[in-house]
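The structure follows.
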Amino acid sequence: MSFPLLTVTAAVPAAGAILTAAVPAARRTAAKWLALLFSLATLALAVLVAVRFEPGGDRYQLTESRPWIADFGVRYELGVDGIGVALIALTALLIPFVIAAGWHDADPLETSSSRWRPTQGFFALILLVEAMVIISFEATDVFVFYIFFEAMLIPMYFLIGGFGDRAHSGSDENAAAQRSYAAVKFLLYNLVGGLIMLAAVIGLYVVAGNFSLQEIAAARAAGTLDMATNTERLLFLGFFFAFAVKAPLWPLHTWLPNAMGEATAPVAVLITAVVDKVGTFAMLRFCLGLFPEASKWATPVILVLALISIVYGALVAVGQRDIKRLVAYASISHFGFIILGIFAMTSQGQSGATLYMVNHGISTAALMLVAGFLISRRGSRLIADYGGVQKVAPVLAGTFLVGGLATLSLPGLAPFVSEFLVLVGTFARYPVVGIIATIGIVLAALYTLVLYQRTMTGPVKEEVRTMPDLRLRELLVVAPLIALLIGLGVYPKVLTDIVNPAVEHTLSDVKQTDPKPEVAVEAKNGEAAK
């Protein structure tokens, strides 16, 4: 039996979570370094997965398959395609930065009424989330995927509710109540989506007789899978609803601003840059892979919802007074672009959507982590409490600007390539939808530049006059993310070469080909007439 690389890649952060939690309470610093070490080991394994993956090879590679619950047709099956490889790499890349940025977020509070925070638990929960997200990207058995898709909610609940943002304008009691509300709302929304998906998972087993993604696809291709049209549509809706909550797609998005607003900045990055990507990834792997006809049937409605997410999220972001909630609504708009690219059913759209998942994760991490450093210095999330920061902390302001420019998809930075491909792919099949989606670009420039103007420029407010610039640890967190944004913006081929073959397989599942450009068709007809 070959070395189980995928299992080990997910098991290493899980083992790190157990060992970190077991560190004695008095040795908080040792727990931090241990968590960072395990996250770096996971990153090394993710790089090995990417190196061993062959873009031109089989659809699912590094596969593992073992019996698990044989009486119910459940097998422990793992495998990765190009999309899974890219998202595993993103997850493993961001976690070390999340840990380093949150180095002091779970330290004891200095106020007399505070209690010691379980520092070890904070970092153990981050590693546990990483393990569950990675195995979700690897699972090719629907039941295995469902277990970890739901299980990751528990550590996220405690990270949001137990380790909230200290920059709260109200009393300690009010802050605790807001954190509890945000955590419960996050859990309830996602649990409802998961329960509906569970019913669909059971229905899929009744129809297909197993949970294996590859076996179901093979049976469909051979014509031996008898799935009635209405049954397929109902099962699709059950899966899609859960993924739309996780993504999040309008109108199932309302938990995200609360969760990101009340969580610490690193946990907010964990939510939107890592955990939420499981939802959009699953739309590609499971919705389109298992229910191709139902996916095409639902496409018009999903495109409308994606457009609403794009425009609504950007409009609400413009009017935000809270920095973190602004980034949260901006992310809702960006997820609208991702879902738009997925359901445009074109190679450019789906390649752009996959790149958007990766690039949005990096750009949001850069912007949110710098915002977290800014908020920790001033002790406030309100935009109105800042002004003139670039005069007293120019490096902080500069990195904040680059993160913001990446968020608005400035040419030369990584998100631009993603957004451009999504819009090109959408316009090729749905030109009106593509035109409307460009409104999001204009609004993104508005909320990003207004945020920078109000916080970084103008007269220096008295409260920020003594604000220190980025320290060495903070620079080590931000600088690599900025470098990645520039590198992938200039040379995205390193990702597209991995992603494109997987996109071709997905399009073949739904029996779609790229529409031919009308100009080329007219030219060809003209030559034939001559």
### Task
Check the angle between the aromatic planes of H334 and Y356 and answer parallel, tilted or perpendicular using the 30° and 60° thresholds.
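Answer is tilted, since the angle falls between 30° and 60°.
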### Query
Hey, is the main chain of I310 close enough, under 3.5 Å, to the side chain of S333 for a donor-acceptor pair?
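Judged by distance alone, yes, a pair lies under 3.5 Å.
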#### Entry: Under 3.5 Å: donor-acceptor pair, side chain of R378, backbone of L374
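Absent.
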### Message
Taking the basic N atoms (NZ, or NE/NH1/NH2) and the acidic carboxylate oxygens, is any pair closer than 4.0 Å for E474 and R377?
### Response
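Salt bridge: yes.
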### Task
Looking only at non-hydrogen atoms, find the nearest pair between K246 and L153 and report the distance.
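Closest heavy-atom pair between K246 and L153: NZ-CD2, 3.4 Å.
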### Task
Can you sort out the partners of L237 under side chain to side chain contact (heavy atoms under 4.5 Å, CB included), two or more places apart, ordered by chain and number?
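Expected list: W297.
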### Shortest non-hydrogen contact from S136 toward V278
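Shortest heavy-atom contact: CB-CG1, 4.2 Å.
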### Message
Is there a side chain to side chain contact (heavy atoms under 4.5 Å, CB included) between I160 and N258? Walk through the geometry before answering.
### Response
CA-CA 10 Å; I160 297 168; N258 296 101; over 6 Å; no
### Query
CG/L187 to NZ/K185 distance, rounded to the nearest 0.5 angstrom?
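Here the rounded value is 13.5 Å.
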### Query
Got S331 and T364 here, is their nearest side-chain heavy-atom distance under 4.5 Å?
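Yes - at least one pair of side-chain heavy atoms lies under 4.5 Å apart.
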### Task
Using the side-chain hydrogen bond (donor to acceptor under 3.5 Å, both in side chains) rule, collect all pairs that involve residues 33-45, keeping only residues at least two apart or in two chains.
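Qualifying pairs: none.
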### Residue among L249, L305, L307 satisfying side-chain contact (heavy atoms from CB on, under 4.5 Å) with I339
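Only one of L249, L305, L307 forms a side-chain contact (heavy atoms from CB on, under 4.5 Å) with I339, namely L249.
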### Message
Using side-chain hydrogen bond (donor to acceptor under 3.5 Å, both in side chains), reason through Y452 and Q390 one step at a time and then give a plain yes or no.
### Response
CA-CA 10 Å; Y452 184 83; Q390 68 179 11; 2.9 Å; yes
### Query
Y76 and W68: aromatic ring centres closer than 6.0 Å?
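No: the rings miss the under 6.0 Å criterion.
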### Message
A side-chain contact here means heavy atoms from C-beta on lying under 4.5 Å apart; do L34 and L19 qualify?
### Response
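They are in side-chain contact.
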### Task
Name all residues meeting the side chain to side chain contact (heavy atoms under 4.5 Å, CB included) criterion together with A50; count only those two or more places apart in sequence or in a different chain, and write none if there are none.
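Listed in chain order: V85.
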#### Entry: Student check: side-chain heavy atoms of Y386 and I375 closer than 4.5 Å
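In short, these two side chains touch, coming nearer than 4.5 Å.
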### Query
Which of parallel (below 30°), tilted (30 to 60°) and perpendicular (above 60°) describes F149 and F243?
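Rings of F149 and F243: perpendicular, over 60°.
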### Query
Do the non-hydrogen side-chain atoms of Q120 and R28 ever get within less than 4.5 Å of each other?
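With C-beta onward as the side chain, the pair touches.
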### Query
Ring centroid separation for F137 and F281, is it under 6.0 angstrom?
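Yes; F281 has its ring centre under 6.0 Å from that of F137.
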### For V477 against F97, the heavy-atom pair lying closest together
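Residues V477 and F97, closest heavy atoms: O-CD2, 3.5 Å.
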### Message
Using side-chain heavy atoms (C-beta onward) and a distance below 4.5 Å, is E419 in contact with N359?
### Response
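A side-chain contact is absent here, since even the closest heavy-atom pair is not under 4.5 Å.
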### Query
Going through the distances and angles, do V389 and F400 end up as a side chain to side chain contact (heavy atoms under 4.5 Å, CB included)?
CA-CA 11 Å; V389 173; F400 189 84; over 6 Å; no
### Query
Hey, does the side chain of R473 reach the backbone of A100 with a donor-acceptor pair shorter than 3.5 angstrom?
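Yes; at least one donor-acceptor contact below 3.5 Å.
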### Query
Is a donor on one side and an acceptor on the other found under 3.5 Å between the side chain of Y146 and the backbone of G194?
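Between the backbone of G194 and the side chain of Y146 there is a qualifying donor-acceptor contact (under 3.5 Å).
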### Query
Just by distance, do the side chain of T280 and the backbone of K277 share a donor-acceptor pair under 3.5 Å?
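Looks like yes, one N/O pair under 3.5 Å.
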### Task
Identify the heavy atoms of F53 and V80 that sit nearest to each other, and give their distance.
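It is CE1-O, 3.5 Å.
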### Task
Establish, yes or no, whether a centroid distance under 6.0 Å links the rings of H360 and F337.
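Judged by ring-centre distance (under 6.0 Å), H360 and F337 do not meet the cut-off.
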### Message
Run the salt bridge (Lys or Arg N to Asp or Glu O under 4.0 Å) test on K461 and E463 for me, step by step, so that the C-alpha distance in whole Å, both residues' side-chain angles and the decisive distance to 0.1 Å come before the verdict.
### Response
CA-CA 5 Å; K461 289 205 171 184; E463 294 82 0; over 6 Å; no
### Query
Within the side chain of T407, is there an N or O that forms a donor-acceptor pair under 3.5 Å with the backbone of G403?
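Yes; at least one donor-acceptor contact below 3.5 Å.
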### Query
Quick one: does V358's side chain get under 4.5 Å of L87's, heavy atoms only?
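Touching, per the 4.5 Å side-chain cut-off.
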### Message
Taking CZ in F211 as the centre, count heavy atoms belonging to other residues, nucleotides or ligands within less than 6.0 Å. Is the count above 12?
### Response
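Result for CZ/F211: enclosed.
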### Message
Let's go through F163 and L125 carefully: what are the C-alpha distance in whole Å and the side-chain angles of both, what is the deciding distance for side chain to side chain contact (heavy atoms under 4.5 Å, CB included) to 0.1 Å, and is it a yes or a no?
### Response
CA-CA 11 Å; F163 301 92; L125 289 170; 4.1 Å; yes
### Task
Please report the closest heavy-atom contact between I362 and L481, naming both atoms and the distance.
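Scanning both residues, the minimum pair turns out to be CG2-O, 3.8 Å.
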### N/O donor-acceptor pair under 3.5 Å between R381 side chain and G261 backbone
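Between the backbone of G261 and the side chain of R381 there is a qualifying donor-acceptor contact (under 3.5 Å).
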### Query
Just how far is it from atom CG of L6 to atom CD1 of I88, taken to the nearest 0.5 Å?
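Going from the CG atom of L6 to the CD1 atom of I88 covers 6.5 Å.
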### Query
So, do T9 and E138 sit near enough that their side-chain heavy atoms are less than 4.5 Å apart?
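Yes; the side chains approach each other to less than 4.5 Å.
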#### Entry: Closest non-hydrogen atom pair, L128 against A17
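Scanning both residues completely, I find the closest heavy atoms to be N-CB, 3.9 Å.
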### Query
How many angstroms lie between CG in L188 and CH2 in W255, if you round to the nearest 0.5 Å?
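So the CG of L188 and the CH2 of W255 are separated by 13.0 Å.
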#### Entry: Heavy-atom donor-acceptor pair, W250 side chain to G336 backbone, under 3.5 Å
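No, W250 side chain to G336 backbone: no donor-acceptor pair under 3.5 Å.
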### Query
Short question: side chain of K32, backbone of F123 - any donor-acceptor pair under 3.5 Å?
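Side chain of K32 to backbone of F123, a donor-acceptor pair under 3.5 Å: no, none is there.
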### Query
Would you say the side-chain atoms of Y329 and Q320 include a donor-acceptor pair closer than 3.5 Å?
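Their side chains do not contain a donor-acceptor pair, so the 3.5 Å distance test is not met.
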### Query
Counting distance only, does the side-chain N/O of D105 pair as donor-acceptor with the main-chain N or O of T264 below 3.5 Å?
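Pair absent, no side-chain N/O of D105 close to backbone of T264.
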### Task
Kindly compute the distance separating CD1 (I135) from CD1 (I147), expressed to the nearest 0.5 Å.
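Reported to 0.5 Å precision, the distance equals 9.5 Å.
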#### Entry: Within 6.0 angstrom of R321 CZ, more than 12 heavy atoms from elsewhere
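Count not over threshold, so no.
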### Query
Should I486 and V402 count as side-chain neighbours, where that means a heavy-atom distance under 4.5 Å?
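I486 does not reach V402 side chain to side chain.
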### Query
From L369 CG over to L94 CG, what is the distance, rounded to the nearest 0.5 angstrom?
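If we round to the nearest 0.5 Å, L369:CG and L94:CG are 8.5 Å apart.
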### Query
Between H253 and Y312, does the ring centre distance come in under 6.0 Å?
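Yes, close enough.
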### Message
If you apply the rule side chain to side chain contact (heavy atoms under 4.5 Å, CB included), what do you find for K324 with M368, and how did you get there?
### Response
CA-CA 7 Å; K324 291 169 70 177; M368 179 59 82; 3.9 Å; yes
### Query
Roughly how far, to the nearest 0.5 Å, is SG of C287 from CD1 of I302?
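The SG atom of C287 is 7.5 Å from CD1 of I302, to the nearest 0.5 Å.
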